[in-house]
Amino acid sequence: MERPPRENPSNDHGWQKVVYPKRQRRARQADSSDLRPNGGGASSEAATNVFSSVEQKAEARRRAIDAQKKAAAEIESAARTIVGGVDSDDSDDSAGEIAAAGAAAEEVKKPKVKKPKKPKVTVADAASAIDASELETFLVGVSASYEAQPDIQLLRFADHIAGKFSAVGSLSVF
């Protein structure tokens, strides 16, 4: 089968050149230094200073943290001299500054508040805490309320006993 003749014969012998228009566009954009990657125009100086405000804020935070650490170290050293009773003669701190540093050191260290532990309740303790007269009045009330429904009576009794033994831990059986 023969190929039909082309209207514009050239020296390409039927081959066509493959063209990638996106790649050419990217190359043109990379050549121009005043364009941002998103296609907007900007100067190269502005493009390099994108994170300058973030860096300035980070540096300010670092300086503030360093100042706090230095102040805490000074307070701690002043508190050690007060607590230890060691007062150096070459120290130019006045007594008022040392007292203020000691007070500030006390403010920094807050004592941890421990949660009170729940007392361990055993099955025997919970059983002895059940009052017989209170249980009797409960059973009489349930029997009167649910005369024709013994299954409901049993459920109410089970709920009442479960409430009495709810404080018993899983490991405190004996």
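Just the heavy atoms: all of them, side chains too, but no hydrogens, waters or symmetry mates, feed the values below. Note that the structure is a prediction, hence the values are computed from the model and not measured.
- Taken from OG in S143 to CD in Q149, the straight-line distance is 12.5 Å, to the nearest 0.5 Å.
- Between the T137 side chain and the E134 main chain, a donor and an acceptor come within less than 3.5 Å of each other.
- Here the CD1 atom belonging to I75 is positioned 13.0 Å from the NZ atom belonging to K70, to the nearest 0.5 angstrom.
- Summarising the geometry of S166 relative to G163, their closest heavy-atom pair is OG-O, 3.0 Å, with the distance given to 0.1 Å.
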* Asked: Does the pair K120 and T122 meet the rule for a side chain to side chain contact (heavy atoms under 4.5 Å, CB included), with working shown?
  -> CA-CA 7 Å; K120 292 183 179 179; T122 63; 5.9 Å; no
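- The shortest distance between side-chain heavy atoms of F165 and V121 does not fall below 4.5 Å.
- Annotation: the span from I130 atom CD1 to D125 atom CG amounts to 11.5 Å, rounded to 0.5 Å.
- At least one side-chain heavy atom of F157 sits less than 4.5 Å from a side-chain heavy atom of L135.
- Proximity of R156 to H160: side-chain heavy atoms (C-beta onward) are nowhere separated by under 4.5 Å.
- Taken from CZ in R62 to CG in D66, the straight-line distance is 9.0 Å, to the nearest 0.5 Å.
- Counting non-hydrogen atoms of neighbouring residues, nucleotides and ligands closer than 6.0 angstrom, the CD atom of E136 reaches no more than 12 such neighbours.
- Note that the CD atom of E76 and the CD atom of E74 stand 11.5 Å from one another [nearest 0.5 Å].
- Taken from CD1 in I161 to CZ in F138, the straight-line distance is 8.0 Å, to the nearest 0.5 Å.
- Hydrophobic clustering (ILVMFWY, side-chain heavy atoms < 4.5 Å, transitive): L139 and I152 are in one cluster.
- Pairing each heavy atom of P150 with each of A148, the nearest pair is CD-O, 3.4 Å.
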